[in-house]
Amino acid sequence: SSPQSLADLKNLTFGQYQKRSWQIVDYKCRWSPEVEEYIRSDQLQPKDGEPFILALGAAQTFAPYVQQGFLNIISDKLSIPCINFGIDGAGPDFFFRPSIWPRIIELANRAHAVIYQVQSCRTMGSPILPKGKDPKNSLVLSGPSGPIQYDAERAITELRRRGRDPDLVKHLDFVRSDWIRLIKRFATEVTPPKILFWFGERSPDYTEDWGRSPDISGIFGGFPQLVNRHMIDCVVDSFDGYVEEVFHGPHERLFNRFTGRPTLGLFGGTLRKDQSWLSADNYYPNSETHETAATKLIAALSALGDRKRA
């Protein structure tokens, strides 16, 4: 049964977003051995011979703080199961870890269609900032006192703070090239029809603003951070379709699913000082945007089906 008290909550084990918003949405999180994470999905494996859609991406695909993400809407409207591999903080390198990629590709190649959400490359590593122990969001910066593991944004901020902008340029060149390589590899190895899905805070067209060190927000741009039009142009022809949806609009107000009253949700990073309790989601796509995204994706999936039949 659903938890209705803090005592109930302490006895449950589930993903980060369910822990943060258990009183707002029941994501029906399940442990997936394919990605070694809790996922928002009604089922983990399709029934034998049953068509299904697989989606891979970041938090926007998971769909925090909304009752119906775009995958839930697609599943309802097309009467087809959708498996949701939307992983918070994950870049494309997350899925290519040797421990999970063979299982992901085996599942992907049984799918009716695959939706791949464009992910940020802010958490990807390079020789200058190698990956840390956390496969999603950690980079290691070496200095006089030895290597220190940070979350990705702190590592890059610290690199600027130390006056190492030339090294940061090299890091960004490396991770962007690696991002292109991994997305092309994904498109090559996944054989069913594939849609590349831009679901971001901005369009792919943006200009880096290096501003005053150590600020990095102008360098990153909005989500998907660091990904630009050139990168999309390099990979889009490897896919069978492309959908672009920029999210904006009113913030999603939060309500307690047990009482129907306004409530607060926990937002921010993993450190307590970076967290805040808010009455509305001011970062992730709202319900209306998920509806629009689903409509566009259904049209793209239909076009893939028409092309396959022709």
Side-chain angles (χ1 to χ4, degrees), residues 55-61 70 86-96 113-126 128-129 137 139 152-153 156-157 159-160 165-190 193-211 215-249 283-285 289-290 292-297 299-301 303-304 307:
L56 300 93
Q60 295 74 20
T61 294
F70 70 84
I87 309 297
D88 61 290
D93 54 335
F94 173 85
F95 294 116
F96 281 93
V114 177
I115 299 169
Y116 190 94
Q117 182 204 355
V118 173
Q119 297 162 284
S120 163
C121 57
R122 68 181 175 88
T123 60
M124 295 177 65
S126 74
I128 291 167
L129 292 173
N137 187 20
L139 297 174
E153 292 188 19
I156 293 172
T157 299
L159 197 65
R160 292 209 79 190
D165 278 3
D167 283 337
L168 179 53
V169 171
K170 293 177 184 177
H171 169 75
L172 297 185
D173 286 344
F174 183 93
V175 297
R176 282 173 166 149
S177 295
D178 204 32
W179 185 97
I180 292 169
R181 178 185 66 83
L182 290 175
I183 302 302
K184 284 185 173 181
R185 178 184 168 190
F186 176 88
T188 299
E189 296 188 24
V190 173
K194 302 168 287 291
I195 294 173
L196 184 66
F197 179 35
W198 177 280
F199 200 24
E201 292 182 274
R202 57 172 176 83
S203 79
D205 303 295
Y206 91 105
T207 302
E208 289 177 14
D209 178 5
W210 284 67
D215 180 67
I216 60 172
S217 59
I219 300 172
F220 273 24
F223 180 86
Q225 294 89 345
L226 298 175
V227 180
N228 56 34
R229 177 67 69 183
H230 168 72
M231 297 163 70
I232 296 298
D233 289 344
C234 286
V235 301
V236 70
D237 288 343
S238 301
F239 288 77
D240 303 292
Y242 176 67
V243 170
E244 192 171 300
E245 175 66 14
V246 175
F247 51 85
H248 47 73
Y283 179 70
Y284 298 108
T289 307
H290 277 281
T292 305
T295 298
K296 290 182 178 181
L297 285 164
L301 290 165
L304 292 181
R307 192 184 314 167

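Residues: numbered from 1 along the sequence shown.
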| Spacing of CG belonging to L172 relative to CH2 belonging to W179, to within rounding of 0.5 Å | 14.5 Å

| Run the side chain to side chain contact (heavy atoms under 4.5 Å, CB included) check on R122 and N137 step by step: do they pass? | CA-CA 9 Å; R122 68 181 175 88; N137 187 20; 3.9 Å; yes

| remark: All heavy atoms of V175 vs all of S126, minimum pair found to be CG1-CB, 4.3 Å

| task | Identify the two heavy atoms, one from R202 and one from P224, that lie closest to each other, and give their separation to 0.1 Å. | result | NH2-O, 2.8 Å

| Rounded to the nearest 0.5 Å, what separation is found between the CD1 atom of I128 and the CG atom of L139? | 11.5 Å

| task | Start with the C-alpha distance between Y206 and E208, add both sets of side-chain angles, then the distance that settles side chain to side chain contact (heavy atoms under 4.5 Å, CB included), and finish with yes or no. | result | CA-CA 7 Å; Y206 91 105; E208 289 177 14; 3.9 Å; yes

| query | What are the two closest heavy atoms between G91 and T123, and how far apart are they? | reply | N-OG1, 3.8 Å

| note | Distance col, row E201:CD vs Q60:CD, nearest 0.5 angstrom, shows 7.5 Å

| field | Distance, nearest 0.5 Å, that separates OG of S177 from CE of M231 | value | 8.5 Å

| said: Would you say that I219 contacts L226 through its side chain, given a criterion of any heavy-atom pair below 4.5 Å between the two side chains? | reply: yes

| Heavy-atom side-chain proximity of V227 to I232 below 4.5 angstrom | yes

| request: Kindly indicate, with the supporting measurements, whether the criterion side chain to side chain contact (heavy atoms under 4.5 Å, CB included) is fulfilled by E153 and F220. | output: CA-CA 9 Å; E153 292 188 19; F220 273 24; 3.6 Å; yes

| query | Is the Y116 ring parallel, tilted or perpendicular to the F186 ring (thresholds 30°, 60°)? | reply | tilted

| note | Residues pairing under ring-ring contact (aromatic ring centres under 6.0 Å, His included) where one sits in residues 227-248, two or more places apart or in two chains, turn out to be F199-F247

| Any side-chain heavy atom of T295 within less than 4.5 Å of one from F70? | no

| task | Answer whether the closest heavy-atom distance between the side chains of V169 and W210 falls below 4.5 Å. | result | yes

| Going from CG on D178 to CD1 on I183, what distance comes out if it is rounded to the nearest 0.5 angstrom? | 10.0 Å

| message | Restricting to non-hydrogen atoms, name the atom on A293 and the atom on E245 that form the minimum distance, rounded to 0.1 Å. | response | CB-CG, 4.2 Å

| said: Do the side chains of K170 and D173 get close enough for a salt bridge, i.e. N-O under 4.0 angstrom? | reply: no

| request: Please name the pair of heavy atoms, one in I195 and one in A300, separated by the smallest distance, quoted to 0.1 Å. | output: CD1-CB, 3.6 Å

| said: Any non-hydrogen side-chain atom of L56 less than 4.5 Å from a side-chain atom of F95? | reply: yes

| message | For the CG atom of L168 and the OG1 atom of T157, what is their distance to the nearest 0.5 Å? | response | 9.5 Å

| message | Looking at Q119 and A58, would you say the former's side chain and the latter's main chain have a donor-acceptor pair under 3.5 Å? | response | no

| said: When you compare the side chain of K296 with that of F197, does any pair of heavy atoms fall below 4.5 Å? | reply: no

| task | Please examine the side chains of N228 and R176, heavy atoms only from C-beta on, and report whether any two atoms are closer than 4.5 Å. | result | yes

| remark: Between K194 and L304, the two heavy atoms sitting closest are N-CD1, 4.4 Å

